[in-house]
Amino acid sequence: MQAIQAQNLVKRYGSVLAVDDVSFSVAPGEIFGFLGPNGAGKSTTQRMLTGVIAPDAGDIQIFGYDLLRCPNPAKQLMGIVPEMANVYVDLSAWNNLMFMGELYGIGKKTRISRAARLLEQFNLLEKKDLKAKGFSKGMKQRLLICMAMMNDPQTLFLDEPTSGLDVQSTHLIRNLLREFNARGQTIFLTTHNIEEANQLCDRVAIINRGRVVAIDRPQNLKLTLQSLQSLEVAFSSPLQSMDILYSVEAVNEVKKTGDKFRLYTNQPARAILSVVDLARRHNLEILSINTLGPSLEDVFLRLTGGQEKRGAHNASC
Ligand SMILES: Nc1ncnc2c1ncn2[C@@H]1O[C@H](COP(=O)(O)OP(=O)(O)OP(=O)(O)O)[C@@H](O)[C@H]1O
């Protein structure tokens with residue numbers, strides 16, 4: 001049985017086809033990422049999966065329960081952190097959690113012990129009696145996740161969980177999601193942050209303009225793009241012109257990345273020899289040279305049609 005099974009989901013807003021025939025499944029215990037650019041349909045999909053809005057067509061099963069026809073048992077298995085949610089700012093962190101616990105019908109003893117454990121894990125225990133009004137964005141987001149965890153859900157849905165947060169909160173949230181997952185919890189998260197998907201997810205669906213364009217493990221997605229292997233080269237002094245790099249053999253694209261250059265090639269060994277030769281001819285000292293596989297960002301840009309936007313240069317070799 002799958003934790004989440006989405007079949008042929010469709011959602012329109014007037015003339016906008018926000019989600020266009022989306023199907024995928026998430027196995028129990030997986031961290032599944034839904035990755036896409038702004039407006040791709042990520043939040044709309046999450047809102048359908050969590051029963052907030054109904055799809056125009058399609059089916060959703062959560063651990064075998066039909067969400068559309070029989071929502072309650074499916075919803076009881078979920079913890080939800082929506083994109084635009086807020087905590088109750090006039091309540092303390094503790095009372096936010098007590099309130100959620102009561103909504104879920106959790107007994108007092110369990111409510112208290114669970115709230116104390118969650119606040120400690122999310123580094124909020126010391127602030128438990130302060131009103132959430134004074135909390136930073138990162139603290140509010142951590143409290144929101146605690147609230148979503150109060151019913152000890154089998155599947156946690158998070159919409160852009162670390163978007164716009166400080167480094168510490170981001171780090172803490174990602175680590176705790178890994179910990180929850182290690183204890184068997186399934187996690188569905190939408191993100192436009194490629195590095196987040198790469199670091200956290202067992203599998204990723206890439207969504208673009210309402211359609212899923214790829215689903216696989218991040219590593220497999222990278223392997224599909226062997227033509228995006230590259231060399232990263234740093235020279236000890238700045239180049240007078242990047243143009244000389246276009247003469248490197250077997251290179252089909254050159255990009256400047258900070259103080260380094262990235263030369264895309266499907267023949268890295270040949271390109272390395274050619275770079276060394278070029279450095280000798282132009283009296284340049286190579287500080288470092290590394291071969292890199294395609295990044296998830298490369299795959300994402302290729303699949304979502306974003307590659308042209310990078311200002312890529314075609315070498316004439
Ligand atoms: N309530 C709504 N009414 C009308 N159009 C909507 C509504 N919600 C979303 N849309 C449109 O549906 C499309 C998908 O939006 P959605 O919010 O699902 O994308 P997203 O991938 O989550 O983007 P973001 O990361 O910017 O939140 C967009 O074109 C958006 O403008």
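Residue numbers count from 1 along this sequence. Being a predicted model, the structure only gives us computed values, none of them experimental. Counting convention: from 1, in listed order, for ligands and their atoms alike.
Nearest heavy-atom pair, Leu49 versus Ile62, reported as atom, atom and distance to 0.1 Å: O-CD1, 4.0 Å.
Between Asp159 and Lys42 there is no salt bridge, since no side-chain N of the basic residue sits under 4.0 Å from a carboxylate O of the acidic one. A salt bridge links Glu249 with Arg270; the closest basic N to acidic carboxylate O contact falls under 4.0 Å. A salt bridge links Arg69 with Asp59; the closest basic N to acidic carboxylate O contact falls under 4.0 Å. Residues Arg211 and Asp20 are paired through a salt bridge, judged by an N-O separation under 4.0 Å between the basic side chain and the carboxylate.
Using a 4.0 Å threshold on non-hydrogen atoms, atom 24 (P) of ligand 1 counts as touching the protein. The nearest protein heavy atom to atom 30 (C) of ligand 1 is not closer than 4.0 Å.
At most 12 non-hydrogen atoms from other residues, nucleotides or ligands lie less than 6.0 angstrom from OH of Tyr65.
In summary, the atoms of ligand 1 found under 4.0 Å from a heavy atom of Asn38, numbered by their order in the structure, are 23 (O), 25 (O), 26 (O). Each of the atoms 27 (O) of ligand 1 lies under 4.0 Å from some heavy atom of Glu83. Contact atoms of ligand 1 toward Ala18: 12 (O), 13 (C), 14 (C) (distance under 4.0 Å to a heavy atom of the residue). Close approach of ligand 1 to Pro37 is summarised as follows: ligand atoms under 4.0 Å from at least one heavy atom of the residue are 21 (O).
A side-chain N or O of Ser230 and one of Arg262 form a donor-acceptor pair less than 3.5 Å apart.
Ring-plane geometry between Phe188 and Phe24 is classed as parallel, the angle between the planes falling under 30 degrees on a 0 to 90 degree scale with a further cut at 60.
Atom OG1 in Thr50 sits 7.5 Å away from atom NZ in Lys75 (nearest 0.5 Å).
Here's the thing with Lys42: one of its N/O atoms is less than 3.5 angstrom from an N/O atom of ligand 1.
Of the protein's non-hydrogen atoms, Gly41 N, 3.1 Å is the one closest to atom 19 (O) of ligand 1. Counting only heavy atoms of the protein, atom 26 (O) of ligand 1 lies nearest to Gly39 N, 3.4 Å. Closest to atom 17 (O) of ligand 1, if we only count protein heavy atoms, is Ser43 CB, 3.8 Å. For atom 6 (C) of ligand 1, the nearest protein heavy atom (residue, atom name, distance) is Tyr13 CD1, 3.2 Å. Regarding atom 18 (O) of ligand 1, its nearest protein heavy-atom neighbour is Thr44 OG1, 2.5 Å.
Residue contacts with ligand 1 do not include Gly36, since none of its heavy atoms lies under 4.0 Å from the ligand.
Counting heavy atoms under 4.0 Å from ligand 1, residue Glu160 touches it through the side chain alone.
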